[in-house]
Every structure is written in C-alpha cells, then in structure tokens.
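The structure presented is a predicted model; accordingly, all values stated were derived computationally and were not measured. The chains referred to below are lettered A, B, ... by the order of the sequence lines, with proteins before strands, and numbering in each begins at 1.
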Amino acid sequence: MSNTVLAILYSVVDWFIPLQLREDIDTLRRARMFIFSHIFGPFLGQTITVYLYMIDPDPGSALWTIAGAIMLFWMFPLALKISGHITALSLISVQNLIFITLFGSYTYGGVSSPFLPWLLTVPLLAFFYLGPNPRLRLLVLAVLAADLLAYYLMYRLGGSFPEHVPLRSLSSVGILSVFCAAVYVSMMALHYANIVDSQSELMQEVQRHRATGIKLRDAKDEAERAKDESERANRAKSEFLAKMSHELRTPLNAVIGYSEMLLEDAQLDGRDEQTADLRRINKAGTHLLSLVTDILDLSKIEAGRTEVLWEPFDLSNLLDDVAATARQLMNQNGNEFIIQRNSDLAMVTGDATKLRQAILNLLSNAAKFTVNGKVILDASRTRGVEQDWITLAVHDTGVGISEDGLRRLFENFSQADAMISSKYGGTGLGLALSRKLCRLMGGDITVESRLGKGSCFTIRIPASASDAVRRIDADMMDIPGVHVSVSAQDVDVLVIDNDPTVLDLMQRILLKEGFHPILAEGGQEGLRLARSAHPSIIILDVLMPSMDGWQALRALKADPDLACCPVVIMAMVDDRKTGLVPGAAEDLLKRSDRETLIRVLHHYCPGSGVDTFQHDKPSTEGRLIVARTDDRTALVRLREDNPKAIVLDLPLPTNQLMEFVDSLSRVPSIEKLPLIVLTASTLNSISNEGSAGGVTILSSFDHTPKELLDALRCVAEEGFVNDELSLEVI
Amino acid sequence: MMNSLWRLSDVRKVLLVEDNEMNRDMLGRRLTRSGYSVCFAVDGPSGIATAERELPDLILMDIALGEMDGWEATRCIKVNPATANIPVIALTAHALASDRDKSKIVGCAEFDTKPVNMPRLLEKISSCLGRANTAPVESKRRP
C-alpha cells in the first residue's frame with residue numbers, strides 16, 4: 001500500500017523533472033528533493049499565515065506579502081519543468097525562504113518570532129538542492145549573511161520591530177511553527193536517509209562486483225597454471241614417447257634383424273625345422289613391433305605429431321597383402337569377399353602403411369557388421385586434371401548405419417549406436433583414425449549407408465603426380481650451354497612441395513648447381529623449416545593439398561624474419577598475378593626449363609657479384625645478358641657486352657629503381673639504348689619523365705612474356721630477338 | 001683418381017656410425033651380405049674422423065649417439081669439404097616430424113626409422129649412391 005502511494009508520489013514528482021536532469025542519478029535525486037519540498041513545504045508554511053489571519057482578521061499588507069511569497073514556492077516545480085535550471089531556481093528559492101523567514105520574523109514578533117525556527121531549514125535545504133559544490137555553498141552562506149545584515153539594518157533604522165500582533169498571542173503560533181519546521185526537516189531527513197540507504201546498497205553491489213572480479217582473476221590464474229601444467233605434461237608425454245619408442249625399438253631391431261639373418265642362413269642350408277622356428281621368432285618380433293607402432297601411432301595422433309612417409313609403392317601388391325589378412329576376418333562371419341580392381345592401378349606415391357591401416361580398418365568393420373553377406377573391395381584409378389586419384393570403395397551388405405549414426409560416425413570414440421560396442425566390441429577410434437590418416441595423405445573417407453541394407457565406405461587419395469614429374473625430370477636434366485659463373489656454395493635453398501618426386505628432382509638439380517637444398521613436404525613443414533633454417537631462397541609449390549601454397553606464401557611474407565627472403569613460386573598453372581601480389585620474388589611454371597630456374601636462383605643469390613649467363617644459341621638469335629645490376633660492375637659489364645637493348649626487372653623500391661634508371665642514362669655507351677622496365681608497381685613518375693628518354697614501362701601484372709617480346713621488337717632497331725627466347729623474360 | 005678406380009670396382013664402402021653394439025654388428029653383417037664394404041664408428045667424433053680417413057661412398061648415421069649426437073656429427077661432416085659430398089642417411093628410432101626436419105637441415109640425404117626394414121634401407125642406400133653417381137662431385141661446382 002505504502003509502496004503504491006510512494007510510486008504515485010514519485011511519478012508526480014518525476015513529471016516535473018525535465019529529461020536533462022535525469023541522466024545523472026545525483027542530479028535526479030536533488031531535483032526530486034527540490035520538487036518534493038516545493039510541493040509540500042508551502043502547506044506547512046501556510047498554516048502559520050492562516051493562524052496569524054485567524055488571530056488578526058485585518059492583518060494588512062505584511063501578512064499578504066508573506067502568504068504570497070509562500071505560494072510562490074508552488075511555481076518552482078513548473079519553472080523547473082520549463083527551464084531545467086535547477087541551480088538558479090534553487091538559489092532563488094533559498095533567497096525566497098530567507099526573505100519569508102526574516103520578513104515574517106521582523107513583522108511578527110522580532111527575535112521571538114514564530115518564523116525564526118524556519119531559518120534553520122535554509123542551509124539544510126540549500127545544501128540538499130545544490131549538491132556538493134563548495135562555491136555554491138559559500139554563496140548560500142553569503143546570501144544568508146547579507147539577508148541577516150539587512151534584517152539587522154532594518155531593525156536599527158526602524159528603532160524597534162513593528163508590532164502587528166501582541167507578542168503574547170504569538171506563543172501558540174510559535175509552537176505550531178516549531179512543530180511544522182520539525183516535520184519539514186524530518187521529511188527532508190527521511191528522504192536523505194533513503195538516499196544514503198540506496199547509496200550503501202550501491203556500494204555493496206560494487207563490493208560484490210569487486211569480489212567477483214578478484215575471484216575471476218584467481219580463476220584465470222588457476223586456469224593459466226593448469227594450462228602450463230598440461231603443456232608441461234604434454235611435453236613430458238612427448239619426451240616419454242620418444243624415449244619409449246627408442247627403448248622398445250632398439251632391442252626389437254636386434255631380434256628382428258638377427259632372426260632374419262639366421263633365417264636366411266637356415267634357408268640356404270636347408271634346415272627346415274630351424275627355418276620354421278626362426279620364422280616364428282621373426283613373426284613374433286614383427287608382431288610386437290607392429291603393436292608398439294600402433295600404440296605409438298595412437299599416442300602420436302593424440303599429441304598431434306603424426307607424419308606421413310611418402311614412398312612409391314605398388315598398389316596391387318598392397319591389395320593382395322590386405323586381402324590375405326582380410327579373408328580370414330571375412331570367413332569368420334561367413335561373408336563372401338570379392339576384390340574388383342582396375343587393371344592399371346600402377347605405382348602410387350604415398351604412405352603405404354597408413355593406407356593399409358585405413359583399408360584394413362574398413363574391411364574389418366565390414367566383416368564385423370556383415371553376417372553371411374558379401375563384402376566387395378573396389379579399387380580404381382581415375383585421371384584428374386592435376387593428378388590421378390585412387391579410389392578404394394568397400395561395399396557391404398551388413399546392418400547399415402542410421403542417419404543419426406552417420407553424422408557422428410567419424411568422431412573420436414563414437415560408434416553409431418551404444419548397443420554396437422556391447423554387441424560387436426571395438427573402441428570407436430578406428431574410423432576417426434582412418435579418416436585422419438587419409439586426410440594426412442591428401443585424401444579423405446566418405447560414407448553412404450542405409451539401415452538394414454548395407455554401407456559403402458570410400459577412400460580417395462591422390463596417386464601423386466609422379467608421371468608428370470618424371471617427364472619434367474627428363475626435360476630438365478643436363479641442358480647444355482648453361483654456365484654458372486658464380487659459386488652458390490653454402491646458399492641454403494628451401495624447397496616446399498607436397499610431391500616427394502618433385503622434391504627429389506629439385507634436390508638433384510640444386511646439388512648439381514652447388515646449392516644446399518633443404519626439402520619440406522607441405523606448407524606447414526616448410527614454414528617450420530624456414531623459421532629454423534633461415535634459407536637464402538625459398539622455392540614454393542602453390543598447389544599443395546594440406547596448406548595452400550598461396551597461404552604459405554602469405555604466412556612467409558607475414559613473418560618479419562622471413563619477409564625479406566625471396567620466394568620463387570612453382571606452379572602447374574600460370575597463376576602469375578596472384579603470385580606477385582603477396583610479394584613472391586619470382587614465379588615459374590613447373591614445366592619451365594631448369595635453366596630459367598637456375599638463373600632465377602642465382603639472381604637472388606646473396607653476396608654474389610655479377611652473374612652473367614650466356615646462351616650458346618646460334619648467333620642469329622641474339623644474346624640475352626642477365627646481370628645482377630645492383631652491383632656497379634654490372635654497368636661495366638653492360639658496356640663491354642655492348643647490348644642492343646636493356647630489360648630491367650629489379651625488385652627495388654620505386655625511388656631506388658628511378659635512381660638506377662638515372663645512373664644508366666649517364667653511362668656514355670648505353671645512354672641511348674632502349675630501356676624496358678618491368679615492374680609490379682605503377683611508376684607514374686618514371687613513365688612520365690622516362691618516356692621522353694626512350695624508357696618503356698611494362699607492368700608485370702598486365703604483360704605476358706609474349707607481349708614483352710613484342711615490346712622488345714618494337715624498341716630494338718634490329719630484329720635480334722625472336723620467339724625462341726620466350727622463357728628468358730620476366 | 002683413386003676414387004674413380006674404387007668406383008669401377010663397384011664395391012661401395014658404407015660407414016656405419018652406431019653406438020649399440022648389437023645393432024652395429026647385425027646391421028654391419030647384413031650390409032656386408034648385401035655386397036657393401038662396411039667400416040664402423042661407435043660415436044660422433046670417431047664417425048667424423050673415420051669419414052675423413054676412409055672417405056666412404058655413404059654414411060649411415062645413428063642419431064642417438066650419446067655426447068655428440070648424429071645431427072652434430074652430420075653437420076661436421078657436411079662442413080668439411082673433403083666429406084661434404086658423401087650422402088648421409090640418418091637412422092633414428094624417434095619417428096617424429098621434428099627429427100625429419102633436423103635431418104634435412106643438417107643436410108642428410110635420407111632419413112629412416114629403426115628398426116630398419118632391410119629392403120627399404122637397401123633401396124635408399126642404392127638410390128643415394130645412384131644419385132651421387134649421376135651427379136658426380138667434379139661437375140657440381142665451378143670455381
């Protein structure tokens with residue numbers, strides 16, 4: 001009930017408060033206090049005037065002045081609503097109150113006046129209205145002092161207080177006035193106490209938040225400690241794995257190795273009984289080794305440290321091998337097992353062990369969930385655009401998987417149905433592991449299934465681009481006529497390519513040219529090696545499955561330590577534009593010749609002076625001289641070689657490039673030569689001032705080698721350049 | 001000259017650096033059976049010394065060698081001009097990606113895990129030797 005009254009009261013009070021005073025809770029409180037006291041205060045004040053009127057029915061102008069001044073207070077809430085100036089209105093109101101008190105006291109009873117107790121409310125109200133502003137408080141006190149002075153002066157000038165009503169008849173109104181003033185002050189005090197209460201609640205809230213903050217910080221520290229702890233534990237686990245791996249494999253190495261040797265001896269000597277025993281020892285050792293390896297594989301996958309070994313292998317042999325193992329499993333449930341294979345499966349480059357693991361897993365699942373049915377392993381090779389793909393599909397006529405089960409199928413420790421683990425056994429790790437293995441090889445496993453009808457799991461992995469690479473091999477090795485005039489010794493070249501055959505090829509080429517190759521299979525490994533080995537040049541394949549080459553390039557260029565390292569892009573497709581954007585130093589087609597590659601590598605070789613490559617092509621085709629032109633001696637060389645035109649392709653900032661163009665134009669014998677500048681950036685300044693001096697600007701973005709040749713033809717006075725030079729540019 | 005004569009005789013010399021006696025004996029005998037001439041070293045420093053003295057056609061380097069590990073030994077072999085061109089196959093039981101990275105950084109030609117799969121190791125050895133043959137030392141660098 002009281003709450004409703006209070007709510008109505010507040011809504012009435014709040015109606016008078018303009019919006020701009022509601023933004024700050026402190027101002028709002030002061031405004032509420034202001035409105036409240038101005039609405040109810042005058043009622044209390046007016047009781048005195050009413051009483052005075054009753055004892056003196058003809059009071060004269062003095063009482064009407066007081067009554068009018070008291071009624072004036074009722075105007076203040078409206079004035080506040082209209083103007084919003086609470087401070088000014090407060091000061092006026094305080095002055096009005098002082099006036100009423102002192103004037104009333106002067107005219108009714110002097111220093112014994114019933115009006116005088118109201119003087120006490122003046123500073124109280126003033127400070128409530130005006131808030132914590134020391135200047136305004138001082139101002140209020142000054143106003144009060146001035147008014148008191150005026151009161152005193154009036155008394156001195158008048159000689160005495162005018163006596164409208166005899167003093168003794170004022171005694172009862174005095175009691176009434178004191179009572180009203182006390183009620184008024186109490187109301188203010190209650191209101192103030194209310195504010196203090198709500199403020200202390202606020203403080204408690206703040207305290208609670210602070211405590212929560214401290215708790216959160218503690219929890220965060222705790223979490224960080226736990227993280228450190230788990231990282232340490234993970235490191236310890238990895239170290240333990242490495243150690244166990246060594247400790248377990250070393251004796252197994254001896255067991256398997258010696259038993260194999262003895263087996264060979266026994267077979268040679270025809271000791272059949274020993275042969276059988278030794279075979280058992282060897283088999284047990286191999287079995288133990290495979291168990292150790294499996295457990296380590298699982299642990300490594302959990303630690304995120306699984307790797308793929310790329311080796312060429314015969315898929316047909318692998319399938320024979322797998323079939324022999326799988327057949328036993330099939331027989332247990334009376335299943336018919338059929339292998340359908342495409343005749344030209346041929347050689348595949350990949351991780352045979354992991355592929356075998358994945359196929360066996362699918363086959364053993366099929367055998368497990370199919371009873372007296374049929375399991376078909378369908379192997380085929382399909383020609384793709386970039387490379388061939390191997391597809392291995394395992395069809396069964398077993399229990400099948402529900403749609404819900406299919407969704408969770410490849411999750412760790414997930415089986416299609418809780419019933420399954422009790423009925424068929426297994427950990428539910430097999431499919432997740434198999435998929436992970438296939439993805440590591442750049443492939444995947446997909447599944448189709450119908451409940452009650454059977455399932456089909458399909459492994460699809462790349463067969464590697466080995467054929468294409470072998471062709472390049474033949475093209476690239478031993479091209480006559482390339483003379484390398486600079487020692488590339490100790491120049492580390494990092495080759496990043498997903499294809500081991502390409503890596504192998506690159507290694508041979510680089511070794512032959514005297515570079516020191518570092519090989520990385522894939523972008524992740526490449527980045528890691530780049531950071532640890534700090535190569536002088538990086539050769540990057542942009543068509544890698546796991547981490548896209550462009551991604552790797554951006555990652556390389558984003559690393560401050562590696563950003564300066566020249567990157568040579570290799571790609572089967574001419575994706576030149578993308579390559580230049582993130583700052584690749586040079587890009588080449590994979591099929592481009594080795595000569596170009598070597599030239600480019602030498603071009604970016606650190607510390608080499610001038611490297612000049614000359615074609616031993618027939619003289620009618622002209623010569624192309626490629627020089628490292630950031631060295632001054634190159635200019636000398638240019639003069640000696642007496643070229644007919646100059647093509648500049650320098651990875652330099654614009655101002656340095658301009659400087660160099662300038663220095664070229666000051667060399668006497670070549671100042672008149674046509675100059676073609678290749679650049680990835682727009683050199684408006686050069687083209688503007690350069691076009692007059694016979695400089696042609698070609699943007700690497702917009703011009704193909706063919707267009708460059710056309711430009712060369714145009715600028716050269718004699719037709720010494722022909723199409724056969726096409727790979728020598730840019 | 002001696003080197004090329006040695007090659008003509010077609011018996012390739014392999015240096016096996018391995019600290020475990022059983023493994024050294026076993027692997028050595030199996031390599032001998034496969035037609036290689038084998039010399040041994042039991043740790044990193046002796047491996048480096050033996051490589052320089054014997055100038056083998058190929059080095060099989062165990063990585064877990066105690067004080068000086070196989071990586072360091074390989075690095076030393078690769079900075080010595082006399083032995084820099086001898087292909088090194090790293091052998092390690094630690095089949096971890098970081099090991100593979102290290103073997104590449106120090107300049108190993110190949111990387112294999114122990115226990116050795118003999119046919120695979122022999123394949124790698126002959127492939128390394130084949131490469132060394134097609135890209136003979138003389139043509140690698142010009143002054």
Over all atoms of both residues, closest heavy-atom pair of B/Met26 and A/Gly257: SD-CA, 3.5 Å
Contact summary for B/Arg33 and A/Glu264, nearest pair of heavy atoms: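 In this case the closest contact between B/Arg33 and A/Glu264 is NH1-OE1, 3.1 Å.
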Largest heavy-atom contact set with chain B, pairs under 4.5 Å, which of A/Ile518, A/Leu252, A/Ile256, A/Leu519: A/Leu519
Selection from B/Asp25, B/Leu27, B/Val106 maximising heavy-atom pairs under 4.5 Å formed with chain A: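 If we count pairs closer than 4.5 Å to chain A, B/Asp25 comes out on top.
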Spatial distance of atom CE (B/Met118) from atom CD (A/Glu260) [nearest 0.5 Å]: 9.0 Å
